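So the structure is just underneath, and the comments pick up after that.
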Amino acid sequence: MIWAMYFAVAVLLTAGLYGVITKKNLMKVFISLSIMETGVNLLLITIGYIPGGTAPIENGNFAKYVDPVPQALVLTAIVIGVSVTALALSLLIMYHSKAGTLEYKEGMKW
Amino acid sequence: MRKLAGIVIAGIFFISMMMLFYHLPASHDLSSNEYYYRNPINGSVANESIPEHYIKYTKNETGAVNAVTAIVVEYRGFDTLGEVTVLFTAATGVSFLLSLAVRGRKREEANLILKEGSKLVLPFILLTGAYIFIHGHLTPGGGFPGGSVVASGFLLMMLAYPKFFMKDRISWFESAAGTAFVVIGLLGLVLATSFLQNFIPVGTPGQLVSAGIIPLIYIAIGFKVGSELSAIVNKMKEVQG
Amino acid sequence: MIEFTIMAWILALLAAAAAIYAVETKDLISSAIAMGVASLVVSIMFLLLQAPDVAITEASIGAGITMAVFVYAIGKTGRWEE
């Protein structure tokens, strides 16, 4: 099961990186960055997983729990990620209304 | 050319990621030595690992059953205050930037089924969100998931009714919730010994009224996250391209 | 345990397909929706990894709010990537 997660992480990060370095459309670049963010979150949770462990909620029946620290970090990182994405998109909307295009141009003044 | 270079770089990246995962140490028992905390000043090693400490003593030290909630609100509460500040800054930036753009846009009506159905479903979505952030210390969930569920309920209303918008009064909720968080932290400084320390009796773990300040802070975070994400989505909807 | 492994591989392949489609397609709306599908699949993977708190957050934010924000922004700027 761990290897399926690692495979998904690698594909998400690679697809995001490919989009960031080859696409000229800035909206596509932000979508790629969002995909990479999902991959990083999945990687952190996967590292904290312990085979046979249960969710870190104490109920007295199980002896083995997964690591709660990465879960606490990722929980806040997801919410921060969406607000920062919204900030980037509002910058992009302003850029589009000034420049009339979504592509990055050398030496643009706006 | 650009595409070819991209494929080559992405391929190298993929292979190196898989090799990295192959050499990553296999997932440990939390009680293994490699998790132990080493004191940076005198080099002494504690005799238990940090995750093990959280799992063993969360219930007694904080009264919360859910270890993730205890870490987010109690052990790393100051970090959470920083995250909430980042969220507030981003929301302010969005509303500032989009206030420079032209507002208002005509939209066509949604169909009848979506309109009536969303009216029917909205109270249940809000109830679920409130349940999630009130029971954060007992069940999976808490302020961040609950707030985002509430915000997705308002998103449904925005999709169904083109004229639905959040009044500016929503920023009152936002500031009140942020202030409540800081005030609870300062009360900890006054009534106990340090900022964000628990000053209410812990109570019986597993009860709804237990765990001291954790439910109070998580309710504040739930209101803050919900109102801020709704405000962000509303601003993105209102602006004209 | 074997059924969890099979399910994890199916979900991993789905997430991979959604991510690659999101990067490759020319239609930005489809791209944003494929990104939301990838987030939703990853949230089920969080559930398999015993992280229910993160799964709730990712399901409502990744598949709901991020996608809505992207779709609104694409509606303001233009749907097709040249």
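Chain letters run A, B, ... following the sequence lines, proteins first and then strands; every chain starts at 1. What you see is a predicted model; the values in this text were computed from it and never measured.
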What's the spacing between [X] [atom1] and [Y] [atom2] if we round to 0.5 Å?
X	Y	atom1	atom2	answer
T22(A)	I9(B)	OG1	CD1	9.5 Å
L12(A)	M17(B)	CG	CE	10.0 Å
L98(B)	L91(A)	CG	CG	9.0 Å
L97(B)	Y95(A)	CG	OH	15.0 Å
L87(A)	F96(B)	CG	CZ	11.5 Å

Please flag which part of [X] lies under 4.5 Å from any non-hydrogen atom of chain B: side chain, backbone, both or neither.
X	answer
V11(A)	both
L17(A)	side chain
L43(A)	side chain

Heavy-atom distance under 4.5 Å to chain A: side chain of [X], backbone, both or neither?
X	answer
Y22(B)	both
V225(B)	side chain
I221(B)	neither

- Task: Starting from the C-alpha separation in whole Å, work towards a yes-or-no answer on side-chain contact (heavy atoms from CB on, under 4.5 Å) for I232(B) and S83(A).
- Result: CA-CA 8 Å; I232(B) 284 176; S83(A) 62; 4.1 Å; yes
- Query: Given the options T80(B), L20(B), I7(B), which has more heavy-atom pairs under 4.5 Å with chain A than any of the others?
  - Reply: I7(B)
- Would you mind telling me which of V86(B), L138(B), V68(B), D79(B) has the largest number of heavy-atom pairs within less than 4.5 Å of chain A? V68(B)
How close do [X] and [Y] get, heavy atom to heavy atom, and via which atoms?
X	Y	result
A10(B)	T14(A)	O-CG2, 3.2 Å
A72(A)	I71(B)	CB-CG2, 3.7 Å
M236(B)	A86(A)	SD-O, 4.4 Å
L75(A)	P145(B)	CD1-CG, 4.1 Å
N66(B)	I57(A)	OD1-CG1, 3.6 Å
M18(B)	W3(A)	CE-CZ3, 4.1 Å

- Message: Evaluate F21(B) against I2(A) for side-chain contact (heavy atoms from CB on, under 4.5 Å), listing each step before the verdict.
- Response: CA-CA 10 Å; F21(B) 294 148; I2(A) 290 288; over 6 Å; no
- Heavy atoms of other groups near F173(B) CZ, more than 12 under 6.0 Å: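 Result for CZ/F173(B): open.
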- Query: Do other residues, nucleotides or ligands put more than 12 heavy atoms under 6.0 Å from the OH atom of Y18(A)?
  - Reply: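 Counting other residues, nucleotides and ligands, OH of Y18(A) exceeds 12 neighbours.
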- Query: Any side-chain heavy atom of F14(B) sitting closer than 4.5 Å to one from L13(A)?
  - Reply: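 No, side chains not in contact.
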- Mind ranking I80(A), V69(A), I78(A) by heavy-atom pairs under 4.5 Å with chain B and telling me who comes out on top?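 It is I80(A).
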